[in-house]
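Owing to the predicted nature of the structure, the values given are computational and were not obtained by experimental measurement. By convention here, the first residue in the shown sequence is residue 1.
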Amino acid sequence: MSQIQNNPSAEEACFLHLKEIMVDFKVPHPNSKFSVKIVEADKSYESPVFGKEDEVKWESDLYIASSVAIELVVQEVHIAKLDIKKRYASVKKSFTVTVDFTFADSQSLQNVARLLGEKANSALASKADMLGTMGKVLDHGEVVMKLAEVVAELNPFAKVAVGAVKIAFEKCKKISKGHEDALALMDELVSLLPLPGLVQDKVKTPEVKMIMESFLSLVKEADEALIKYASPSKTRFLKKNLTSKQDAFTKLKSRLNAMKPNMNLYLDASIQAVVVHIEEVAEAVLRNQELILSNQEHVLLKELQPVISAYYDPKHSCLSGTRVDLLQEIGDWSTTQGQTSKLFWMHGIAGSGKSTIASSVASMSYANKCLAGCFFFKRDIPEHRNPQSLFPSLTYSLAILFKPFRDAIFQVLQTDPAIAGKAVSLQFEALFRGPISKCSQSSPLKPIIMVIDALDECGDAQDRSMIASYLTQLANLAPWLKVFVSSRPYHELQDSFNMTSHPWVHKLDLNNVDARQDIYTFTELQIKAILEPDSKWLQEENVRALSDRAAGLFIWISTVARFIADEYEKETALQEILLGTFSAADGPEVALDELYSFVLRGIKGSGRNQKLLNTVLGVIVSTARNRPLPVSGIFDLLPSVLFSSQPAVQAILKDLQSVLYKDSALDGAIRVCHPSFLDFMTNKSRSGPFWTNPTQVDSEMATRCLQIMHSQLKFNICKLESSHVPNKDITDLQHKVSQHIPQSLQYSCRYWMDHISYSEVAVTVHQVHDLVQNILCQPKALFWLEALSLMGELKSSIDILDKASLVFKDSSGIGEASTDLYRFVSAFYEAIATSTPHLYVSALSWAPSDSYVAKVFYASFSNQSFFVSGKPKTWRSN
């Protein structure tokens, strides 16, 4: 036994880094196993057990406080069998030894906490592969258990067996649960440890330093517990941790949480000690909140399913030197504190630059560190037009920015992780009204802004009215929150924002804003980018003449610029526009219609080419309502009677580059440059000879969708190699889907029923009856569900089948098949959505024996590996 007395540091707690201990016996080496133990106050650290012939060299890697005495014990260990019940006891003897200690540089308490944290993190990571494999096994088990629970509901006699299996399954999850608790504790340490470093050099008061040292000591203790937990070899790790470590880790985490109020006191005192730097420090914390989010917190926030692609694009902001007064007005509004003018509604006609201004507002707010979230609606992208996407996306951004709100949101997600898929009214109450009320004692340092653009492109009129109503309420929930909204002046939005009961709404009509000089500046820049520097058409009078024809519409100039840039003789094209009949006298809409008609008339070709142009435009307009498609998808959906070629379609699309563009972010989908072109094409009085009857187009689209499905759907379409791997664990699943399920087939599987609904239904139903029957009343129906599951779109099948059961209720077989498939997907949704092969290997086997699905489809998959007996004959009545 030996003792070492350490010398304390004069300034702060100092820790000696004891790297290695070597023991040399002065008597013959013991003829038994033995170990070395360090005792420090109420803690002890023990070496591995050394064998009879082993060199006693312990790489201890310990941090020992310099202010306490430590005791070193070298003890011989004998194991003696006491009785036949295999109980053991330790017999210990003391030896005279010499001990060599190897020390590294001493460290401060904060450095020790950090270094041990890195070591603990590394130890936990070393078990990731093993536990990841275990997790995949458990994930697969989860799928089986979900299916089993559904079956138990269908057949009450199965409940006893399922209960027994579930108990065994839960026991198998203990090790995984213990590791989750360890990771949760590690995440807590990661999120808290940076706090003392924020202002440590500026804190001198002993009370605050004592709080910091207590906190860091607890962090050190937690680090050591994690290292001890995760350090054994994989085999010893599993044996050692068969019992969940939940209690130990939960207690440590609770002690850390209990210390948070003291840490807040520490931070408050620290900030008071550095009053000169208070704004910079506080803004740095506000700006970098995301940096201290743990992995677990990130994963939890992802449950909100935010639409990240609906964020603003700084490249689409106003040009420098334009919209100066307007942006100044909005900037002044954003920084004004108080309950007045909490919501800013900017409205204007199509093409007046609303989205560009909204992007600038978002950019300014981000630069000023007060952007709480933004959402840019787009009518031709499903997730960008869905009203259910708005509040979860805004919640996600605000939670990252503002920690008190984030903590409240975590409570919501732990209680209701599926809130992102629920009704907008429930989302608003759960994600905003409740959490913001819990933040009443906290507030950011300055007003924070939410930016919502193109609200007119959200859902239908009822959706827009509802969202506008909730946005006015949102703006009034907290004195620190403001909302900026841009849209067209639709009636339903005017009714919502003009209510006298909302005096805090600030309204701005872009029609009353003189934009002539801004449009001239924009025109000059656009033309300079196209023509040679010495071109006479760059003279001021020509630029002014062109900008005057725009009738106040920036989109008019953008379209002209794209048209000229696509022409070989660019000056001739510009001259043609300047010498044409374009005039702003009849108003902006007429000016835009004349320009769009001019572009379409410029596509040369025969009457057959004109027919192809109109058909291609009809397909593009029709799919934009659902999801835009690339050239190949558009070509596949053209009626076969056109006898067109894909190069011919590509040539037409090339001539339409002033109004259409290829979006690389959406796999090359062809999209309209501006929604005003869709308005033009869907209005017969505006588009004239280029208009196509939408009900006729939808009827033709429904037929083509069903033809594509009938010819291309097949079993195991993505050639999966195993039926035991959940979708989320399939390597490169998205690549497999893109490779084996063409865009046109993906579109057809998802939207065939939509096109029937938008067509002249009675006529279309008669035309497509046989196609629908050959899909829904045949095993191909399961191939369709398989494709949707792999695409992550299985949920849409429930709505499609519900509509089909009504539309085809008088059609022989189709109505019955649709209704039964609806019940089948509803009952086994979780299992099929989680692991597509369970559609065949489990769900089909458990379908009630007298159901349409079982009687018609089961025989086609009779090579099942098991037979289910005792299952119900019919679906349970609701």
Report, one line per pair, each donor and acceptor closer than 3.5 Å where one atom sits in a side chain of residues 714-721; sequence neighbours left out.
unit_1, atom_1, unit_2, atom_2, d
Asn716, OD1, Lys719, N, 3.4
Asn716, OD1, Leu720, N, 2.8
Asn716, ND2, Leu720, O, 3.3

Checklist entry - Side chains of His384 and Ser309: do they bring a donor and an acceptor to under 3.5 Å? => result yes
Next on the checklist: Any non-hydrogen side-chain atom of Glu457 less than 4.5 Å from a side-chain atom of Pro675?
Outcome noted: yes
Checklist entry - Would you say the side chain of Arg704 lies within less than 4.5 Å of the side chain of Trp752, judging by non-hydrogen atoms? => result no
Item to check | Side-chain (Asp460) to main-chain (Asp463) donor-acceptor, under 3.5 angstrom | outcome: yes
Checklist entry - If you measure from CG on Leu821 to OG on Ser826, what distance do you get to the nearest 0.5 Å? => result 10.5 Å
Item to check | Check: Thr764/Ser699 side-chain N/O donor and acceptor closer than 3.5 Å | outcome: yes
Item to check | Gly459 backbone acceptor or donor facing Arg464 side chain under 3.5 Å | outcome: yes
Next on the checklist: Quick check on the 6.0 Å ring-centre criterion: do Phe376 and Tyr311 meet it?
Outcome noted: no
Item to check | Donor-acceptor pair between Trp875 and Asp820 side chains, under 3.5 angstrom | outcome: yes
Checklist entry - How many angstroms lie between atom CD of Gln650 and atom CD1 of Ile634, to the nearest 0.5 angstrom? => result 10.0 Å
Checklist entry - Does any N or O in the side chain of Ser748 come within less than 3.5 Å of the main-chain N or O of Ser744, such that one atom is a donor and the other an acceptor? => result yes
Checklist outcome for this item: Residue pairs meeting salt bridge (charged side-chain N to carboxylate O under 4.0 Å, His left out), one or both in residues 623-639, sequence neighbours left out, come to Arg625-Asp698
Item to check | Leu637 and Cys705, any side-chain heavy atoms less than 4.5 Å apart | outcome: yes
Next on the checklist: I'd like to know if the side chain of Arg385 and the backbone of Asn626 have a donor-acceptor N/O pair within less than 3.5 Å.
Outcome noted: yes
Checklist entry - Does atom CD of Gln414 have more than 12 heavy-atom neighbours, drawn from other residues, nucleotides or ligands, at distances under 6.0 Å? => result yes
Checklist entry - Are Val621 and Thr692 side-chain neighbours, meaning at least one heavy-atom pair lies under 4.5 Å? => result no
Next on the checklist: If the threshold is 4.0 Å, N to carboxylate O, is there a salt bridge linking Arg379 and Asp679?
Outcome noted: yes
Item to check | Short side-chain to backbone donor-acceptor contact, Lys736 and Thr731, under 3.5 Å | outcome: yes
Checklist entry - Is the distance between the ring centroids of Tyr822 and Phe824 under 6.0 Å? => result no
Checklist entry - Parallel, tilted or perpendicular for Phe391 and Phe432, by the 30°/60° rule? => result perpendicular
Checklist entry - Who passes side chain to side chain donor-acceptor pair (under 3.5 Å) against Thr836, sequence neighbours left out? => result Asn727, Ser789
Checklist entry - Any sub-3.5 Å donor-acceptor pair from Thr834's side-chain atoms to Ala831's backbone N or O? => result no
Checklist outcome for this item: Interatomic distance, CD1@Ile832 vs OG@Ser842, rounded to 0.5 Å, equals 9.5 Å
Checklist entry - Is the centre of the Tyr396 ring less than 6.0 Å from the centre of the His298 ring? => result no
Item to check | Test side chain to side chain donor-acceptor pair (under 3.5 Å) applied to Asp850 - qualifying residues, sequence neighbours left out | outcome: none
Item to check | Inter-residue atom distance Glu383.CD - Ile308.CD1, 0.5 Å rounding | outcome: 11.5 Å
Per-pair distances, 0.1 Å, donor-acceptor, side chain in residues 774-783, under 3.5 Å, sequence neighbours excluded:
unit_1, atom_1, unit_2, atom_2, d
Asn774, ND2, Asp770, O, 3.2
Lys780, NZ, His710, O, 3.3
Lys780, NZ, Leu713, O, 3.4

Next on the checklist: For Phe635, I'd like to know if atom CZ has over 12 heavy atoms of other residues, nucleotides or ligands within 6.0 Å.
Outcome noted: yes
Checklist entry - Ignoring hydrogens and geometry, is there a side-chain-to-backbone donor-acceptor pair from Ser389 to Val307 under 3.5 Å? => result no
Next on the checklist: Going by side chain to side chain donor-acceptor pair (under 3.5 Å), name the residues that satisfy it together with Asp416, two or more places apart in sequence or in a different chain.
Outcome noted: Lys422
Checklist entry - Going through the checks in order, is the side-chain contact (heavy atoms from CB on, under 4.5 Å) test met by Gln746 and Glu793? => result CA-CA 10 Å; Gln746 292 185 41; Glu793 292 279 4; over 6 Å; no
Checklist entry - Got Met681 and Trp691 here, is their nearest side-chain heavy-atom distance under 4.5 Å? => result no
Item to check | Carboxylate-amine/guanidinium contact Lys803 Asp799, below 4.0 Å | outcome: yes
Checklist outcome for this item: One should read off an interatomic distance between Met791 CE and Gln734 CD, to the nearest 0.5 angstrom, of 10.0 Å
Next on the checklist: Measuring from atom OG of Ser845 to atom OH of Tyr858, what distance do you get when rounded to the nearest 0.5 angstrom?
Outcome noted: 4.5 Å
Checklist entry - Is the backbone N or O of Leu493 less than 3.5 Å from a side-chain atom of Ser496, with the two atoms forming a donor-acceptor pair by type? => result no
Item to check | Phe808 and Gln773: CA distance, side-chain angles, deciding distance, side-chain contact (heavy atoms from CB on, under 4.5 Å) verdict | outcome: CA-CA 10 Å; Phe808 293 94; Gln773 188 174 55; over 6 Å; no
Checklist entry - Can you list the steps and then say if Asp453 with Phe375 is a side-chain contact (heavy atoms from CB on, under 4.5 Å)? => result CA-CA 6 Å; Asp453 176 57; Phe375 196 96; over 6 Å; no
Item to check | Gln388 side chain to Ala420 backbone, donor-acceptor under 3.5 Å | outcome: no
Next on the checklist: Using modelled atom types and a 3.5 Å cut-off, is there a donor and acceptor pairing between side-chain atoms of Ser465 and backbone atoms of Ala461?
Outcome noted: no
Checklist entry - More than 12 foreign heavy atoms under 6.0 Å from CD of Glu760: is that the case here? => result no
Checklist entry - Could you go step by step and tell me if Leu300 and Gln296 meet the side-chain contact (heavy atoms from CB on, under 4.5 Å) rule? => result CA-CA 6 Å; Leu300 191 55; Gln296 187 180 24; 5.8 Å; no
Checklist entry - Under a 4.5 Å cut-off applied to non-hydrogen side-chain atoms, are Trp784 and Ser797 in contact? => result yes
Item to check | Residue pair Leu788 / Ser796, side-chain heavy-atom distance below 4.5 Å | outcome: yes
Checklist entry - Is there a side-chain contact between Met709 and Leu771, using heavy atoms and a 4.5 Å cut-off? => result no
